[in-house]
Number of protein chains: 4
Amino acid sequence: MPKIVNHEKMRSEIARKAIALLAKKGFQATTIQDIANAAGVGKGTIYHYFRTKEEILLVVSNELFYEMERSFGAALLRIDDPLDKMAALIEEAMHVNEDVENIFIVYTELWLINVHSHKYQDFVGVIKKMHHDLTALVSNMIDAGKNRGRWDRDTDSQALACYLVSSFDGVIAHYMIDKEKIDIKKVTKEFIRFLLQRGAPRK
Amino acid sequence: MPKIVNHEKMRSEIARKAIALLAKKGFQATTIQDIANAAGVGKGTIYHYFRTKEEILLVVSNELFYEMERSFGAALLRIDDPLDKMAALIEEAMHVNEDVENIFIVYTELWLINVHSHKYQDFVGVIKKMHHDLTALVSNMIDAGKNRGRWDRDTDSQALACYLVSSFDGVIAHYMIDKEKIDIKKVTKEFIRFLLQRGAPRK
Amino acid sequence: MPKIVNHEKMRSEIARKAIALLAKKGFQATTIQDIANAAGVGKGTIYHYFRTKEEILLVVSNELFYEMERSFGAALLRIDDPLDKMAALIEEAMHVNEDVENIFIVYTELWLINVHSHKYQDFVGVIKKMHHDLTALVSNMIDAGKNRGRWDRDTDSQALACYLVSSFDGVIAHYMIDKEKIDIKKVTKEFIRFLLQRGAPRK
Amino acid sequence: MPKIVNHEKMRSEIARKAIALLAKKGFQATTIQDIANAAGVGKGTIYHYFRTKEEILLVVSNELFYEMERSFGAALLRIDDPLDKMAALIEEAMHVNEDVENIFIVYTELWLINVHSHKYQDFVGVIKKMHHDLTALVSNMIDAGKNRGRWDRDTDSQALACYLVSSFDGVIAHYMIDKEKIDIKKVTKEFIRFLLQRGAPRK
DNA sequence: TATGAATGAGCTTTCATTCAT
DNA sequence: AATGAATGAAAGCTCATTCAT
């Protein structure tokens, strides 16, 4: 009698366990054997759940999406003021720990794979979606700020939001390779201060 | 007597020709044979100029550095006003064409390789140096702005400069995978407008 | 469940089949593909059983050891008189056939490899061990001869045994490259006669 | 005007300088570049004096022959008594220093190459010739001993001489891989003592 | 003559994937 | 369903040899 397993659950289980490996060694350098070991199954078993090595990445990218959505959602739940919310979002986005670094690394590799081979559009779907959602969120915050007279009315909310959301990744990337020189907390604080200067908007 | 060649020149020649390949396929997927073909020499010849495949990357990263330094230098030469200079720098940094994309891709891969294996610190040396130089530049611009009474004196120039310079990469990265949705020109313009407005000192 | 194989058995199987190849072509000239072909498996399969090409040699050297031990052991089992035993040992040591030649060739190459690179001490471990065991054996035979008044009492058994055992290899080596000129049977017989001259010891 | 060089002299010059290299690393592991470096010429120059890498070995083997002939000749010049001469020859043959080891190693590799590929008969020509000459020499010594009543007349001089001469190489080979355990001086002395005692005629 | 730049055949080794058990 | 033994394509790298200078 066949063992009863939830196929989909097993896929995300394996994918989730692969993330740390992928972050540490990169996709190419991570072998199927590595992934099987990390998942505690045999090498052949992996092929019951994924047709190819690349398919694992696909599922990994979904896992990343849920992971990040959860983390951002939690951060924004209980704040009302739009500008406070924006500050909280930035703080959250810039809060880097080991898990975040792992996600960021894999996510960068997905970006690269996509850039190298446009046939794998799926890989960056999650990045694009995340970026889109966050941009909408920030844009709404800015609009809310405008409505409450707390933000300059001639700002193009969409464009600025896009810039802001995009900028996070640049800061994290640089921080990750030069932790000694870059004080990300200070940079974040200064940026928030600059962004939300009281007295804004100008006349 | 054997053919006389300039060893160093040949190295950068080959490295330069490899950049497009690396951008298109990635380091791992680019074979020595590919690079040899691109350089129009035999596979073995590559090993006269580079001891290992990785050494090619090292030289490539230097070439990237010169390439970028040149492009930024040119952009800033003839502008006097510090804030105009800052705007010009941002415009330049955000000016993406095929060459810039290639450089950005390779540079991202160098970032990844470094993150995966810290033993190749050299690979990100150029990234760190570039980031450091640009941050100093922008920081000086902000300070100059302060001195001329054109910029808010409370700003932490270093921290804000670090943010700005880092942000470029984030924006470019997102633009590159979602060109249809992101109008980088508009985003850049809006950001510059926002920056100069916010930076201006309060009355 | 995967095919069940006895890993250790497969290793010696492959090693054993490799011996003839190594004897015929030498270690360097024998490719992994050759060994795989001889073993009737794919090239990759070899690497399931050996981490490197050199590891094959290691196992080969062990196989040689067992091979030789067996052959000597059998020769000495049923002889009681120590001097007769010594004669039998010499006859056995000098009994050269194709298998012995193969072993001798590989064993010479192991010697060379060790001399070239002392880091592979393991390779000659079997040679040293075999030499040591045989020397002890012969030394005991001489001592037994002494005790029975059949051998000169002031002989240094150890030293002489060492010489005798070592000399075998020299004789075989010369025989193997000049079979037409060297009548190994006659040389062996004459040497045994000389060694065991009746009437010994002298007064 | 072409530089005047003595072609044959250059060949032996290069070959002579290659011996130490070959002894240290082995023929395969010694590159043409290594040999060129050791000879202080360019890699291409080697090919003015040797058609192939193997041809270098051929000349090396001749150099070895002269080297050895010279060393044996000198040792035997001034001794009259045949048995003393035999003892002196054995002492000389067993006198191992760095040069002798190098020669022995290369000579062993020549042996191996010949065994692997009988088409290179030339390589062992020197070994065979040396062995033949020495055997004749020793055989003559034994005969001379017989004639003077100092050696057992039943001995087959040829066969025993062949054994003796062959045995040297076996002893040296074992000594070289187990110098700590084997006291070659003692072994040699004991063997000479044994030999001369046994060889002496019965009353 | 002397040189070393250029070459590509050929090697070891890795690893995604298949498949018999 | 689960496994790991088997496989061979593919890649980096070495080096004897050639040849233009």
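The shown structure was predicted, so the numbers you read here are calculated from the model rather than taken from an experiment. Letters A, B, ... are given to chains in the order of the sequence lines, protein chains preceding strands, and every chain is numbered from 1.
Expressed to the nearest 0.5 Å, how far NZ of C:Lys25 lies from CD of C:Glu109 amounts to 12.5 Å. Distance check: D:Ile46 CD1 to D:Thr31 OG1 gives 10.0 Å after rounding to the nearest 0.5 Å.
The interatomic distance linking B:Glu8 (CD) with E:dA5 (C1') rounds to 16 Å, in whole Å. What separates CD of D:Glu55 from P of F:dA16 is a distance of 15 Å, to the nearest Å. Taking atom CD1 of D:Ile56 as the reference point, atom P of F:dA16 lies 9 Å away to the nearest angstrom. Atom pair B:Ile32:CD1 and F:dT14:P shows a separation of 11 Å (rounding to whole Å applied). A straight line from CD1 of C:Ile35 to P of E:dT12 spans 8 Å, rounded to a whole angstrom. Atom CG of D:Asp34 is separated from atom P of F:dC15 by 8 Å (rounded to the nearest Å). Atom NZ of D:Lys53 is separated from atom P of F:dT14 by 15 Å (rounded to the nearest Å). Atom CD of D:Glu54 and atom P of F:dT17 are 8 Å apart (whole Å).
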Between C:Leu22 and C:Leu57, is the side-chain contact (heavy atoms from CB on, under 4.5 Å) condition met? List the steps. CA-CA 9 Å; C:Leu22 293 174; C:Leu57 256 196; 3.9 Å; yes
Could you give me the CA-CA distance, side-chain angles and deciding distance for C:His48 and C:Met10, then say whether side-chain contact (heavy atoms from CB on, under 4.5 Å) is met? CA-CA 10 Å; C:His48 272 277; C:Met10 188 71 162; over 6 Å; no
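Annotation: of the two residues near DNA chain F, B:Phe27 and C:Val5, the 5′-most nearest-nucleotide partner is C:Val5. Between B:Met10 and C:Gln33, the residue whose closest nucleotide on DNA chain E is further toward the 5' end is B:Met10.
The stretch residues 37-52 of chain C touches DNA chain E through C:Lys43, C:Tyr47, C:Thr52, each having a heavy atom under 4.0 angstrom from the strand.
Between B:Glu13 and B:Arg16 no salt bridge is recorded (no basic side-chain N to carboxylate O distance below 4.0 Å).
Side-chain atoms of C:Leu21 and C:Lys24, non-hydrogen and from C-beta on, never get closer than 4.5 Å to each other. Proximity of A:Ile19 to A:Asp99: side-chain heavy atoms (C-beta onward) are nowhere separated by under 4.5 Å.
Between the side chains of C:Gln33 and C:Asn37, at least one donor N or O sits under 3.5 Å from an acceptor N or O.
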Given pairs defined as Watson-Crick or G-U wobble with both distances under 3.5 Å, what dot-bracket annotation applies to DNA chain F, with ( ) intrastrand, [ ] crossing, | other strand and . unpaired? .||||||||||||||||||||
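Identified under the ring pair (Phe, Tyr, Trp, His ring centres under 6.0 Å) test for residues 19-38 of chain C, with sequence neighbours left out: none.
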